[in-house]
Amino acid sequence: MPRIFLQWLSLVAIIWLQSINGTNSNFPAYSSQLKHLLSISQIQLNNLAFASDAGKLFGWLSGSAANYLPMWLVLILGSSLGLIGYGVQYLFLIGRVSNLSYGAIFFLAMLAGNSICWINTVCYLVIIRNFPLDSQLAIGLTGSYQGLSAKIYTDIVDVVYPCSNVERARAYLFLSSVLPLTVSVIVAPVVRVINTVKTKRVEVAFILILIITTVTGAFAIMGSMGSASSLLSPFTGAVGMVALLLAPLPIPLGLGLGHQIGKLAGEKIHIEETNSVSMDKTESEVTLDISDIISESPSESFELSFSYTSEKMNGDQLSENSTSGDDKIRETNEIMSVMEEIGVKVMLRRLNFWLYFFVYLFGVTLGLVFFNNLGQIAESRGRSASSLVSLSSSFGFFGRLIPSIVDYFVSRRKYIISRPAFVVALMVPTGAAFFLLLVKENTALLLYISTATIGVCTGAITSISVSLTTELFGTKNFGVNHNVLVVNIPIGSFLFGYLAAIVYRKKVNAEGKCFGMECYRNTFILWGTLCFIGTFLALILYARTRKFYNSQRLQGNRS
């Protein structure tokens, strides 16, 4: 098979993997029901949300495994962990497994959360190695689909169990256990590193996938809106989403077919040229004068023969490389640059890492904690948790896509954008969104606006972080380095989630529930303040890396 076909087929496979890998985003959709069925407190429920994130504490294991095991095996192992983690919880809810302690459920939730790291590691490593010159664009395009996970799972559940909350909670857990493993088994043969170079057709293919991705996100948002979603039946929405997920598949098929046609045409031209050269040689031998042959010295004969052979070899090499000469020049001029290639031990001694760590903690992690509590937040304000989860998922999708779009158009002008500066620009609206939730007028509208804003900004920073990790600390140890960075997610999930639960518990009624603005008022103030502190830290990181990005910008202008 042509390498370009396998390269782009791996991209499509990763899109499918990412679209079902955000299983932790399903937690708010069944958290209230889980709290009721297990008769646990709000703090215990927050601890289960933390357990899912705590799996990332051991995410570095997936990076280490990827250094020694084939990608398909890492993928299957990760999805199998999810099958066990979510599957046993599902069996417990339907009564097939009994006598599970709260500690056992906590461990299962942690195991399920760890499975996400394994699949993410495979996706990131394959993308970075298969598309080294377009890694940010490819990561953003594929990673954006993870923002659609909650929407995809919700569409399926809406078709199967449109009404019963108990059955819906069970369905979310069942799908979270089975769907990732099923997709992983299907795509495992093609999710691998392909040694290839950049071609002229890559740009067109990326544009096509970008268009498909944008249409997919628009369709998802349309299905999340109350008035628009009423126009589509659950079945129509689910079928439409599946069709859009399959839409990128013709792109690698087209590229592979085009490559084969071009190869056959090139072979035909080569045969015709060879025949032409042979005929010319025959004619010249017939017309050659015998006396010239006699008078020709052996050294002159050798020189003529050597000259002809060298010219032919050079001509063949030139014609062979003519179709890819521009690409090789582009590959030489656009090699991915990094500040330094370091391992995790050295990285932990760098100030840039700790600035980056706390920026991520007060940005992405705070956003994820907000989404983990979205079920309780929606309940406290009398809103549907499913609609808000679907909304955050859809806007998170576009958030992950934004850096790719910006990077594509900026790179065409040979301009390098500073990733830390981009993060600063995204942290400001995130902090503002938390304070917007304190406004007592139009609370329902502002809840939707804040949820969408946090979804966009959190998704964008998540996408940027993959490229930022490689630029700051290199690509050789990316699998371990990035998983060490995201260790702050379980730490923040526990600290921020626990504080939110304590504040919530002080406001509950006799039934253990809280309604109104005061339930999360102090929590939103704290989260917003921390987010602006993270913005200040991102500014410091920008100042410390400004020289590096300026040098990259100058290098790009020279090329």
Output for pair (F434 CZ, L366 CG), nearest 0.5 Å, gives 5.0 Å
Smallest heavy-atom separation, G534 atom then V359 atom, equals O-CG2, 3.7 Å
Q) Would you say F536 has more than 12 foreign heavy atoms packed within less than 6.0 Å of its CZ? A) no
In this structure, OG1 of T216 is separated from CD1 of I152 (nearest 0.5 Å) by 9.0 Å
Donor-acceptor contact below 3.5 Å, side chain S404 vs main chain L137: yes
Fill in: Whether over 12 other heavy atoms sit under 6.0 Å from F548 CZ
yes
In terms of heavy-atom contacts, M347 and I342 come closest through CA-CD1, 3.6 Å
Interatomic distance, CD1@I119 vs CD1@I76, rounded to 0.5 Å, equals 9.0 Å
- Message: Is any side-chain heavy atom of L17 closer than 4.5 Å to one of L75?
- Response: yes
Does Q89 use its side chain to pair, donor to acceptor, with the backbone of I105 at less than 3.5 Å?
no
Side chain proximity check, T23 to S149, heavy atoms < 4.5 angstrom:
no
How about CH2 on W60, more than 12 heavy atoms from neighbouring residues, nucleotides or ligands closer than 6.0 Å, or not?
no
- Query: Given N21 and N120, is the side-chain contact (heavy atoms from CB on, under 4.5 Å) satisfied, shown in steps?
  - Reply: CA-CA 8 Å; N21 193 35; N120 275 338; 3.1 Å; yes
Check: Given side chains that start at C-beta, do those of L141 and I15 come closer than 4.5 Å, heavy atoms only?
Finding: no
One should read off an interatomic distance between L175 CG and I20 CD1, to the nearest 0.5 angstrom, of 11.0 Å
One should read off an interatomic distance between T451 OG1 and F395 CZ, to the nearest 0.5 angstrom, of 10.0 Å
Tightest non-hydrogen contact, residues G59 and N114, listed as N-ND2, 3.7 Å
Query raised in the report: Aromatic rings Y90 and F174: how do their planes relate, parallel, tilted or perpendicular, breaks at 30° and 60°?
Result: tilted
Stepwise side-chain contact (heavy atoms from CB on, under 4.5 Å) check, L245 with S19:
CA-CA 8 Å; L245 289 175; S19 66; 4.0 Å; yes
Quick one about Y145 and T213 (side-chain donor to acceptor, distance below 3.5 Å, no hydrogens or angles considered), yes or no?
yes
Report yes or no: does N483 contribute a side-chain atom to a donor-acceptor pair with the main-chain N or O of G479 at less than 3.5 Å? yes
*Show your working on side-chain contact (heavy atoms from CB on, under 4.5 Å) between Y542 and Y549 and close with a plain yes or no.*
CA-CA 9 Å; Y542 162 70; Y549 286 103; over 6 Å; no
Is the shortest heavy-atom distance from the side chain of F398 to the side chain of T214 under 4.5 Å?
yes
Note: L181 and S80 closest approach over all heavy atoms is CD1-OG, 4.0 Å
Donor-acceptor pair, side chain of W118 and main chain of V74, under 3.5 angstrom: no
When you compare the side chain of I533 with that of F358, does any pair of heavy atoms fall below 4.5 Å?
no
key: Test side-chain contact (heavy atoms from CB on, under 4.5 Å) applied to Q18 and S144, step by step   = CA-CA 8 Å; Q18 292 285 38; S144 62; over 6 Å; no
Hey, does M71 have a side-chain heavy atom less than 4.5 Å from the side chain of L73? no
With no hydrogens and no angle check, just 3.5 Å: does a side-chain donor-acceptor pair link Y172 and T154? yes
- prompt: Given side chains that start at C-beta, do those of V484 and L348 come closer than 4.5 Å, heavy atoms only?
  reply: yes
- Query: Going by heavy atoms in the side chains, are L530 and L526 under 4.5 Å from each other?
  - Reply: yes
Just by modelled atom types, is the A220 backbone N or O under 3.5 Å from a matching donor or acceptor in the D155 side chain? no
Give a yes or no answer on whether the side chain of T458 reaches the backbone of G455 with a donor-acceptor pair at less than 3.5 Å.
no
| More than 12 heavy atoms of other residues, nucleotides or ligands under 6.0 Å from CZ of F532: is that the case? | yes
Paired with T469, the side-chain hydrogen bond (donor to acceptor under 3.5 Å, both in side chains) test is passed by just one of Y356, Y124, Y360, namely Y356
Between R192 and V126, the two heavy atoms sitting closest are O-CG1, 3.8 Å
(message) Can a side-chain donor-acceptor contact be found between N24 and S52 if the only test is distance below 3.5 angstrom?
(response) no
**Study point:** A460 backbone acceptor or donor facing S463 side chain under 3.5 Å
**Key:** no
So OG of S10 and CD1 of I127: to nearest 0.5 Å the spacing works out to 6.0 Å
For residues 339-355, the side-chain hydrogen bond (donor to acceptor under 3.5 Å, both in side chains) pairs (sequence neighbours left out) are E340-R350, E341-T475, N352-R544
Taking every heavy atom of P420 against every heavy atom of T545, the minimum-distance pair comes out as CG-OG1, 3.4 Å
